[in-house]
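Each ligand, and each atom within it, is numbered from 1 in the order the structure gives. Quick caveat: nothing in here was measured; it's all calculated off a predicted structure. Start at 1 with the first residue, then count along the sequence.
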Amino acid sequence: MAKEKKGPEGVPAASGIPRHIAIIMDGNGRWAQRQGLPRSAGHSAGAETLRRVADHCRELDVRYLTVYAFSTENWKRPADEVGALMKLLERNLIIELQKMERDGFQMRFFGDTGVLSPRLQELIAASHQLSDRIDGYQINVCLNYGGRDEIVRAARRWADTVRNGEENNLDEETFSGLLWTAGVPDPELLIRSGGETRLSNFLLWQCAYSEFYFTDTLWPDFTDETIDRAIAYYRSRDRRFGGLSAAGGGQSR
Ligand code: IPE
Ligand code: IPE
Ligand code: MG
């Protein structure tokens with residue numbers, strides 16, 4: 001039997017379904033504008049898409065789904081769009097809170113949520129409390145999230161540890177444990193909808209060895225088949241992690 005290739009964390013690679021999928025859900029605004037609708041209508045449609053996609057990933061046995069909902073840079077948008085997005089998040093979180101325990105899924109939030117409205121912060125705290133009691137499929141919503149911000153915060157926390165004389169031996173694993181994603185394995189697959197081929201400050205540390213799937217499909221138009229195509233692409237990749245291809249025997253000459 002062929003020896004299974006392992007990723008940096010001993011995760012089975014390039015076989016089957018990714019354990020963790022990350023998605024940059026982009027293209028809501030363009031989707032709405034193409035239909036003569038306000039951008040906020042695109043965000044509402046995008047929220048419905050997330051429900052469908054999350055269900056499909058769960059059916060496929062994906063264990064973690066991490067989605068980019070609002071970046072540290074998205075505050076640059078007009079106040080009415082930001083306001084509409086925050087209201088939408090609030091409404092949807094209230095709905096999901098009713099379902100988490102019944103359906104057995106966790107919902108966690110990564111990012112600087114301390115600056116959000118008190119109501120949203122309350123809902124996020126409730127969601128984390130519930131998630132602590134649930135041992136199932138985990139959806140992570142990145143909200144006021146920036147990859148650089150996450151890394152700088154982790155570095156500050158590390159500096160505090162050193163200053164307090166608690167520890168001074170930093171390695172990659174310890175640093176990973178200081179990020180918002182602590183305890184969550186790195187995504188094997190990163191998907192971006194909406195045609196852009198950039199990271200826009202998403203999961204900079206965690207995507208070191210992820211496979212990237214970019215598609216022009218706008219987020220509200222995403223279907224189960226789009227996810228299936230992304231996974232088929234992932235499965236076709238030869239994940240070498242800096243080593244040699246297993247297909248070539250993995251042997252040096
Ligand atoms: C992604 O869609 C959602 C957020 C960034 C909140 P966009 O709103 O960026 O949609 P486009 O890229 O303008 O079409
Ligand atoms: C990335 O999309 C952020 C989210 C999807 C939440 P943006 O639309 O903000 O990214 P840029 O501006 O095209 O890089
Ligand atoms: Mg965009």
(request) State, with a plain yes or no, whether a side-chain heavy atom of I124 is found less than 4.5 Å away from one of L143. (result) yes
(message) Test your reading of the model: is there a side-chain donor-acceptor pair from E150 to the backbone of W180, 3.5 Å cut-off?
(response) yes
(request) Using modelled atom types only, decide if a donor and an acceptor are shared between the side chain of D112 and the backbone of N144 within a distance under 3.5 Å. (result) no
(message) Considering only residues two or more places apart or on different chains, which pairs with a residue in residues 31-45 satisfy salt bridge (charged side-chain N to carboxylate O under 4.0 Å, His left out)?
(response) R39-E81
(message) Test of understanding: given a 4.0 Å heavy-atom threshold, classify the contact between Q33 and ligand 1 as side chain, backbone, both, or neither.
(response) neither
(message) Listing request: all salt bridge (charged side-chain N to carboxylate O under 4.0 Å, His left out) pairs with a residue in residues 163-181, at least two apart in sequence or in separate chains.
(response) D160-R163
(request) Go through the side-chain N and O atoms of T72 and D149 and say whether any donor and acceptor fall under 3.5 Å apart. (result) no
(request) Please step through side-chain hydrogen bond (donor to acceptor under 3.5 Å, both in side chains) for the pair R192 and S200, ending with a clear verdict. (result) CA-CA 10 Å; R192 181 168 184 149; S200 302; 2.8 Å; yes
(message) Please check this pair: side chain of Q98 against backbone of I94, looking for a donor-acceptor N/O pair closer than 3.5 Å.
(response) yes
(request) Examine distances only and state if a side-chain atom of N28 and a backbone atom of W219 form a donor-acceptor pair shorter than 3.5 Å. (result) no
(message) Give me the number of protein N, O or S atoms whose distance to the Mg ion (ligand 3) is under 2.8 Å.
(response) 1
I'd like the atom pairs linking ligand 2 to the protein - N or O on both sides, separation under 3.5 Å - with distances to 0.1 Å.
from     : atom 1 : to   : atom 2 : distance (Å)
ligand 2 : 8 (O)  : D26  : OD1    : 3.2
ligand 2 : 8 (O)  : R77  : NH2    : 3.2
ligand 2 : 9 (O)  : N74  : ND2    : 2.9
ligand 2 : 9 (O)  : R77  : NH2    : 3.4
ligand 2 : 10 (O) : R192 : NH2    : 3.4
ligand 2 : 10 (O) : S200 : OG     : 3.4
ligand 2 : 13 (O) : R198 : NH2    : 2.8
ligand 2 : 14 (O) : R198 : NE     : 2.8
ligand 2 : 14 (O) : S200 : OG     : 2.6

(request) May I ask you to check whether Y145 and F110 place their ring centres under 6.0 Å from each other? (result) no
